[in-house]
A.B. asks: 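Following this message is one structure expressed as structure tokens.
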Amino acid sequence: MIRTPEALIPYILAVAAVLGGTAWHLGDRTGGLGRTVVIGEARIGGPFALTDQDGKVYTDKNLRGHWTLLYFGYTHCPDVCPLTLQLMGDVMDRLGAKAARVTPLFITVDPARDTPGVMKQYVAVFGKQFVGLTGSEAQIAPVLKEFRVYAKKRPVAGGDYAMDHSGSIYLLDPTGKFAGTYEEVDGPEKIAADLKDRL
Ligand code: NI
């Protein structure tokens, strides 16, 4: 599993470079967390249509009207995904009444195994507000691309496989636009404080 705290940043920068001369800079808009990545006009995110844990269609339009803490991972992940989702749950707990204005969202990078039913059981563990999204491989792949998520299948012993994937938590504003990233190492207290300031 690739999960160094800064794992996403070089990838984003590489993508920005590939996009060809796109202006980018690393900015500190997070009041001390210092890991918000601003990439000129390069967009993170975009339109999508996936399926939630209840089998209902969930699109980018569902991102409007509330802040979103978005994490990409998979339910078979042995360690980092559950820890990060637990952290997101801790952040939600610390927001108190303001938690109503935030949706914790988990999108699978392993749609073959993460059916809506599997997602439903899984996200319920981390909190009532959690939404888990899956879809076909053809639906998930462009979403990963839009959000610059690295995810790659890796065979493991016994004919099974794991997914190497980037591990940042994305913050989306109430228009659904990318507003920055948090990392697990930031811890729930700092993330909740930063989020409260924005809400
Ligand atoms: Ni994981």
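The figures that follow rest on heavy atoms only: side chains count, while hydrogens, waters and symmetry mates do not. Residues: numbered from 1 along the sequence shown.
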A.B. asks: Could you pull out the closest heavy-atom pair between R113 and D160, with the gap in Å?
C.D. replies: NH1-OD1, 3.0 Å
A.B. asks: Return the CG to CG distance between D173 and L199, rounded to the nearest 0.5 Å.
C.D. replies: 11.5 Å
A.B. asks: Show the nearest heavy-atom pair for residues P111 and G135, with the distance to one decimal.
C.D. replies: CB-O, 3.1 Å
A.B. asks: Partners of D54 by side-chain hydrogen bond (donor to acceptor under 3.5 Å, both in side chains), sequence neighbours excluded?
C.D. replies: K120
A.B. asks: Keeping R101 on the side-chain end and P174 on the backbone end, is there a donor-acceptor pair under 3.5 Å?
C.D. replies: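 No, because the side chain of R101 does not come within donor-acceptor range (under 3.5 Å) of the backbone of P174.
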A.B. asks: Holding to salt bridge (Lys or Arg N to Asp or Glu O under 4.0 Å), I want the full list of residues that pass it with D60, two or more places apart in sequence or in another chain.
C.D. replies: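 D60 satisfies salt bridge (Lys or Arg N to Asp or Glu O under 4.0 Å) with no other residue.
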A.B. asks: So does L50 get a backbone contact from the side chain of Q139, meaning a donor-acceptor N/O pair under 3.5 Å?
C.D. replies: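 No; judged by distance alone, with no hydrogens or angles, the pair does not exist.
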A.B. asks: Below 6.0 angstrom between ring centroids: does that apply to F147 and F72?
C.D. replies: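 Here the rings of F72 and F147 have centres that are less than 6.0 Å from each other.
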A.B. asks: Can you tell me if S168 uses its side chain to pair, donor with acceptor, with the backbone of Y170 under 3.5 Å?
C.D. replies: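 The answer is no, because no donor-acceptor pair under 3.5 Å joins these two groups.
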A.B. asks: Give the minimum heavy-atom separation between W67 and L171, together with the two atoms involved.
C.D. replies: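 That closest heavy-atom pairing would be CE3-CD1, 3.7 Å.
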A.B. asks: Relative to each other, are the rings of Y74 and H76 parallel, tilted or perpendicular (30° and 60° limits)?
C.D. replies: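 Ring orientation of Y74 relative to H76: parallel.
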A.B. asks: D186 side chain to K190 main-chain N or O, any donor-acceptor pair under 3.5 Å?
C.D. replies: no
A.B. asks: What's the shortest heavy-atom distance between G55 and P116, and which atoms?
C.D. replies: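 Between these two residues, the closest heavy atoms are N-CB, 4.4 Å.
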A.B. asks: So which of Y182, F130, F126 actually passes side-chain contact (heavy atoms from CB on, under 4.5 Å) with M88?
C.D. replies: F130
A.B. asks: What pair of heavy atoms forms the shortest contact from E146 to F48, and how long is it?
C.D. replies: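 So the minimum-distance heavy-atom pair works out to OE1-CB, 4.3 Å.
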A.B. asks: So, applying side chain to side chain donor-acceptor pair (under 3.5 Å) with T108, which one of T134, D114, T115 is it?
C.D. replies: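 One option only clears the test, and that one is D114.
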A.B. asks: Do D90 and R94 sit within salt-bridge range, that is, some charged N less than 4.0 Å from a carboxylate O?
C.D. replies: no
A.B. asks: Looking at D164 and R154, does any basic side-chain N land under 4.0 Å from a carboxylate oxygen?
C.D. replies: yes
